[in-house]
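Beneath this line is the structure, given in C-alpha cells, with notes to follow.
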Protein chains: 2
Amino acid sequence: MAKDKLIGVDLGGTTIKFAILTDAGEIQQKWSIKTNIFDEGSHIVPDIIASINHHLDLYQLDRERVIGIGMGTPGTVNRETGTVTGAFNLNWKTEQPVKADIEAGTGLPLTLDNDANAAALGEAWKGAGNNDKDVSFVTLGTGVGGGLVANGQLIHGTAGAGGEVGHVVVEPNGYLCTCGNRGCLEQYASATGVVHLAQDFSEAYVGSSKLKQLISDGDEVTSKIVFDLAKDGDFLANEVVDKVAYYLGYATAAMSNILNPSAVVIGGGVAAAGEFLRARVEKNWQTFAFPTVRTSTRVKLAELGNDAGVIGAASLARA
Amino acid sequence: MAKDKLIGVDLGGTTIKFAILTDAGEIQQKWSIKTNIFDEGSHIVPDIIASINHHLDLYQLDRERVIGIGMGTPGTVNRETGTVTGAFNLNWKTEQPVKADIEAGTGLPLTLDNDANAAALGEAWKGAGNNDKDVSFVTLGTGVGGGLVANGQLIHGTAGAGGEVGHVVVEPNGYLCTCGNRGCLEQYASATGVVHLAQDFSEAYVGSSKLKQLISDGDEVTSKIVFDLAKDGDFLANEVVDKVAYYLGYATAAMSNILNPSAVVIGGGVAAAGEFLRARVEKNWQTFAFPTVRTSTRVKLAELGNDAGVIGAASLARA
C-alpha cells in the first residue's frame, strides 16, 4: 500500500492540535484536545497516543498509508534522543522520552522539533513562503521566536539555538531581557514588549491621548489595544507602533542580509495587526537591507494562522 | 580508475592560486600565476586552462583521477549558468562564461562560487571550523565579506546575497557605505574602516598619541599601523581597536543568535592582528550573544591563511 498520509501534532500549553494531511500538505481531517498539564504533564503523551489511535480508527485510515507523525512542542528538543526538556508551560520538569513513547504507542515513526520551527516549516511549505527553500519566519507572541529555513532545511545550529531572532540585540543597553542580556528584540516586539514601550512613552508624553489616559487610569493595556488605538489615529499609540516597527525592521534586515530569504514571514498574535504593522516594518527594513536583498527578499504576513503548526509538524515527517 | 583528486583555483585580482588535493583535502601540489587583467581580463580564463593542463601533464596526473575543479572568484556568480558578472578588479565588464570555457578547455567539470564563500568552505572543512556542519566565516580585508555554512551547506539565499555580514548595520545613521546604506559593519571593520575611525577619533582626541601625530602630519596610516600602535600601548589606537571590536562583536553576535554555529571564524588581512583583536571581539560578542549561543559557539581566528581559498574551492568540486 502506498504511503501517502502525514500526521501533524501541534502541542501547546492549552490545546493539542492534530491533523491528517496528504503528502502534498492538504489537510484532510483536523481536531484538537485540551492539554492536561496536571500530574507534571504525565497525561499529555498518553492523551496524544490515544487521540491519534482513536482517529485513525474513526476515519478507518490504514496505518500502512501513514508516512509518519511530525510534532512541534514547547521546550528544548533533543532531536537525536527524541526527548524534550524545559517545557514549563506543560509542567514537564524532567526530560521526557516523547519520541520513544509515541512511537511505541502508535506504531508510527515520530519526528520532533520545537513549535516555532514547526510553524516556520508550515508557512514555508504551504503559507507565505510559497514552498521556497529560503524562508525566514518570525513569530510575535508572548515572546519573539524564529524559524529559519535555508537550502530547504531548518537552521538548528550546533546547540539548537539557531533562529533566536528574538534575542538579536536591537538596543544596546536597552530593556533587560529574561535571557539576561539587554535590548533583545523580544523586549520591544513581543506583546509584553509593546506594552512596556507604551508605558515608557506615555510617561514622557504630555499631549492628549486615549492610550495615555488608559495607562494613567491604570486600565489594562494590551498590545492589541495599542495597535487598535494607533489605527484610530491616537498619536502616542502611533509613536509606539513606529518604534516597534523600527526595531522589527532593523532586526529582520540584519537577518535578511545574513540569509537573503525569498520571504521574511511575520506571524503570531502581535502580527494580527496585519498590513498596518507589515507596511511600517517593511519601510524600516528597507533602510537597513542590502540593495540586492532589498530587491529579492519580501516582507510578508503569515498566511496559515493556527494551521501553520500542524502543517509544519506534518512536514517534519516527510524527510 | 578511482577518482580521488580535487583541483582548487582561487582567482584574485593579483594572483591566481592553484592546488591539487586529495579528496580528503590534503594539498599535494600548489602553484600560482599572475593575474593578467589586460584586454578586459580576456587572458584570465585561457591562462587558467593552460596552467591546469600544463600541471596535470607535469605531475603526470591522469585526468580520470580528478573528481573536478572548484573555483572561487571575485564578482557575482550565477551558479546556474556558471557565469560571473561585476568582477571589476579583473576588468571583467561583461558576463563571463567561466564554467563553459574551463570545462571545454580542461575536459573536467567546474563548480564556481564567490571567493568569500570558497574561503569559508576551506576554513570550515580543514581550518578553524574542524569540519563542523555549522560554521560562520567573516573576512576583514578591503571590504568585509562573509561565508556561512549551515547544515553543511553554504547559505546563498534566494539571490546570492546570503552571508552579506559586512552590510549588517551596526550604527544606524553611521558612515555612508558603498552600498548606499549607512552604518554597515564594512565601514568600521574593513582596513579602510579602521583608518576612517582612526581619523575621526584623532580629531576629537587632545592627548598625546603617536597615532594622532601620524595623522596630523599627513603620514600614511594603515589598519596594520593602528593595530601595531595599539599593541604598543598608544591610547588613541586602543580606543579605535576597542570600537572596531565592539562593532565586530555586535554583528557577529547577531549572526550567532541567528545561526548558532560551532565557530565564528575571523580571517582576512585585518585579522592578522591575531589574538589581540580576537579576544576583544569575543568580549563584546559575549555581551550580545544569547546564553545558549555563548556556551556553544566559539569566536576563533582563521587558521589556513592564504590556503583557505584553494582548499575551499576544491571542496566545491566534491558535491
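Naming convention: chains lettered A, B, ... in sequence-line order (proteins, then strands); numbering from 1 in each chain. Note that the structure is a prediction, hence the values are computed from the model and not measured.
When the candidates A/V169, A/L154, A/T295 are compared by the number of heavy-atom contacts under 4.5 Å with chain B, A/V169 comes out ahead. Put simply, of B/V165, B/V170, B/T292, B/N151, the one with the most heavy-atom pairs under 4.5 Å next to chain A is B/N151. The choice from B/T76, B/V135, B/V168 that makes the most heavy-atom pairs within less than 4.5 Å of chain A is B/V168. Note: B/A289 leads B/A150, B/A289, B/A251, B/G146 in heavy-atom pairs under 4.5 Å with chain A. Heavy-atom pairs under 4.5 Å with chain A were tallied for B/D132, B/I155, B/I258; the largest tally goes to B/I258.
At a 4.5 Å heavy-atom cutoff, B/R298 makes no contact with chain A through either its backbone or its side chain. Using a 4.5 Å cut-off between heavy atoms, B/N257 touches chain A through backbone and side chain atoms alike. With a threshold of 4.5 angstrom between heavy atoms, A/T287 approaches chain B through N, CA, C or O but not through any side-chain atom.
Contact annotation: the side chain of A/L259 approaches that of B/L259 to within less than 4.5 Å [non-hydrogen atoms, C-beta and beyond].
Within residues 176-187 of chain B, the residues having any heavy atom closer than 4.5 Å to a heavy atom of chain A are B/C179, B/N181, listed by residue number. Among residues 156-164 of chain B, the residues having any heavy atom closer than 4.5 Å to a heavy atom of chain A are, in sequence order, B/H156, B/G157, B/T158, B/A159, B/G160, B/A161, B/G162, B/G163, B/E164.
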